[in-house]
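Values in this document were obtained by computation on a predicted structure and should not be read as measured data. The analysis underlying the following values was restricted to heavy atoms, covering all of them including side chains, and did not include hydrogens, waters or symmetry mates.
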Amino acid sequence: MAADDTAGWDAISAALRRLYPDVEPAHWAAVIPFAFGGPDPIDGTSAYAVGGPDGYWHLVTYGFSDLYDKVSDDPNWSGFGFELTMRVMRDGSDEPPLWAANFMGNAAKYVFQTGRGFAVGHHVDANGPIMLGSETALSAIVFVEDPELGTIDTPNGKVQFLQMVGITRDELDAIREWDSESFSTLLAARDPLCITDLRRTSVLDDPRMAAQVREGIDRDGSSMGVLLLPIAGAEVRDSDLWITLSALGVQPLLRGLTGRLRHGVSLGLSGRTTEHGVPVSLVPGQESSWVHSDDGITLTLTEEQITGLLNQLPVHRGVYQFSWLPNVTIEVLPQDIADPSGEVTSTVG
């Protein structure tokens, strides 16, 4: 790798100069770039002050794409294919929001440790305020395409700028019940730049917005075909089906039964590890049954069983069996909640 080959970096900087020709950004740089053996996955993050003290900061990462030589195998995309951005209200401050840069850095550690990238429509539960120590109601992130930077061509392939947008708990629940991109479209109608404002309350406090979301949920159901949970899985024990999930996964499961199975489509449950069994796919049908295959386990639920789970499956730890769901056991385990720094703050279940 040539130390002076910065074609990918230069392409990102050129896109930002086109957007902000007269703005000199603040910049955080890794002491030793990741590409040259440094520990920080992000080589740098720039923050542009836009619109004066009452404007916002526009943060952009350098590090998810191929900044130097072409490394990724995909000839069409550079690196993971994206860089992260975030727009944060300035609130009169002349200091760029270090917390936001740290938040983006934590996202980078996840991507580089797991090899899983982000895409438009993805969402992340921060399990607490996105700015540690603050009283903000924003506790999750949804990803949209940056409305001004979009996607660019670089010598190393395309790079899409994914903007992280802070959302509230009930907004995250609405996304899970409905559709991330549809909900984000409603957010963009209120604020085309999707600026993260730590002071704002939920958009669902607006009765008109809440009615639009409810109408969309009732009309479309949920687009979340698979729930990837920290704890989830299924296995066969003594000819019975044993499904395990965490207490934190019960509500998403119940929302999925309404938003998926009651709309005639399947819902998958998968854990981040195989410790608790293989993935399970829940499908609606006229007769209850389950089948084990190489891909996992498929459990067919009748409308009566769907209604039973909606009404009777507790959110608390325990082992549950129901007369109307024979030969199936559901175990709910407690789950620790950690803040963005990794510190356990509470236990659910």
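Screening residues 285-300 for side chain to side chain donor-acceptor pair (under 3.5 Å), with sequence neighbours left out, gives Ser288-Gln305. For the side chain to side chain donor-acceptor pair (under 3.5 Å) condition, no pair includes a residue of residues 112-121, sequence neighbours left out. Here side chain to side chain donor-acceptor pair (under 3.5 Å) pairs that include residues 264-283, with residues two or more places apart or in two chains, number zero. Pairs engaging residues 125-134 under the salt bridge (Lys or Arg N to Asp or Glu O under 4.0 Å) rule: Asp125-Arg169 [sequence neighbours left out]. Pairs engaging residues 8-24 under the salt bridge (Lys or Arg N to Asp or Glu O under 4.0 Å) rule: none recorded [sequence neighbours left out].
Heavy atoms only, all atoms of each residue included: Ala140 and Ile130 are closest at N-CG2, 3.8 Å. Summarising the geometry of His27 relative to Ser46, their closest heavy-atom pair is ND1-OG, 2.7 Å, with the distance given to 0.1 Å. Between Lys158 and Asp153, the shortest heavy-atom contact is NZ-OD1, 2.9 Å. Between Pro129 and Thr136, the shortest heavy-atom distance links the atoms CB-CG2, 3.8 Å. Taking all atoms of both residues into account, the shortest heavy-atom contact from Asp191 to Ile195 is OD2-N, 2.8 Å. Across every non-hydrogen atom of Pro252 and Arg176, the tightest pair is CG-NH1, 4.4 Å.
Using a 4.0 Å cut-off between a side-chain N of Lys or Arg and a carboxylate O of Asp or Glu, Arg317 and Glu331 do not qualify as a salt bridge. The existence of a salt bridge linking Asp146 and Arg87 is confirmed by a sub-4.0 Å separation between a basic side-chain nitrogen and an acidic carboxylate oxygen. Electrostatic pairing of Asp173 and Arg255 counts as a salt bridge here, judged by a charged N lying under 4.0 Å from a carboxylate O. Under the 4.0 Å criterion applied to side-chain N and carboxylate O atoms, Glu171 and Arg200 are assigned as salt-bridge partners.
Looking only at atom types and distance, the side chain of Glu303 has a donor-acceptor partner in the side chain of Thr307 under 3.5 Å away. A donor atom on one side chain and an acceptor atom on the other are not found under 3.5 Å apart for His123 and Ser180. Residues Tyr68 and Asp43 bring a donor and an acceptor atom of their side chains to less than 3.5 Å of each other. For the residue pair Ser223/Asp179, the side-chain donor-acceptor check at 3.5 Å is satisfied. In the model, Tyr62 has a side-chain atom that pairs as donor or acceptor with a side-chain atom of Ser13 under 3.5 Å.
By the 4.5 Å heavy-atom criterion applied to side chains, Leu257 and Leu309 are counted as neighbours. Leu162 places a side-chain heavy atom less than 4.5 Å from the side chain of Phe118.
Checked against the 6.0 Å centroid criterion, the rings of Phe112 and Phe80 qualify as a close aromatic pair.
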Under the side-chain contact (heavy atoms from CB on, under 4.5 Å) rule, what do Leu245 and Leu253 come out as? Steps first, then yes or no, please.
CA-CA 9 Å; Leu245 73 161; Leu253 167 62; 4.0 Å; yes

Step by step, work out the salt bridge (Lys or Arg N to Asp or Glu O under 4.0 Å) result for Glu135 and Arg199.
CA-CA 9 Å; Glu135 296 182 357; Arg199 300 168 301 179; over 6 Å; no

Test side-chain contact (heavy atoms from CB on, under 4.5 Å) applied to Glu181 and Val120, step by step
CA-CA 8 Å; Glu181 295 187 52; Val120 170; 3.9 Å; yes

Show the numbers, then the answer: is there a side-chain hydrogen bond (donor to acceptor under 3.5 Å, both in side chains) between Glu83 and Ser65?
CA-CA 6 Å; Glu83 293 289 349; Ser65 60; 2.6 Å; yes

side-chain contact (heavy atoms from CB on, under 4.5 Å) between Leu269 and Val226: does it pass, once the steps are laid out?
CA-CA 6 Å; Leu269 294 178; Val226 177; over 6 Å; no

Are Phe143 and Met164 close enough, and set up right, to give a side-chain contact (heavy atoms from CB on, under 4.5 Å), and what steps lead you there?
CA-CA 5 Å; Phe143 293 85; Met164 305 171 74; 3.6 Å; yes

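Paired with Ile141 under the rule side-chain contact (heavy atoms from CB on, under 4.5 Å), one option of Gln163, Met86, His122 passes, and it is Met86.
Atom CZ of Arg208 has 12 or fewer neighbouring heavy atoms from other residues, nucleotides or ligands inside a 6.0 Å radius.
The aromatic rings of Phe322 and Tyr320 lie parallel to each other, with less than 30° between the two planes, well short of the 60° mark.
Hydrophobic cluster membership for Val165: Val142, Val144, Ile167, Leu172, Ile175, Trp178, Phe183, Leu186, Leu187, Val203, Leu204, Met209, Val213, Ile217 (Ile, Leu, Val, Met, Phe, Trp, Tyr linked by side-chain heavy atoms under 4.5 Å, directly or transitively).
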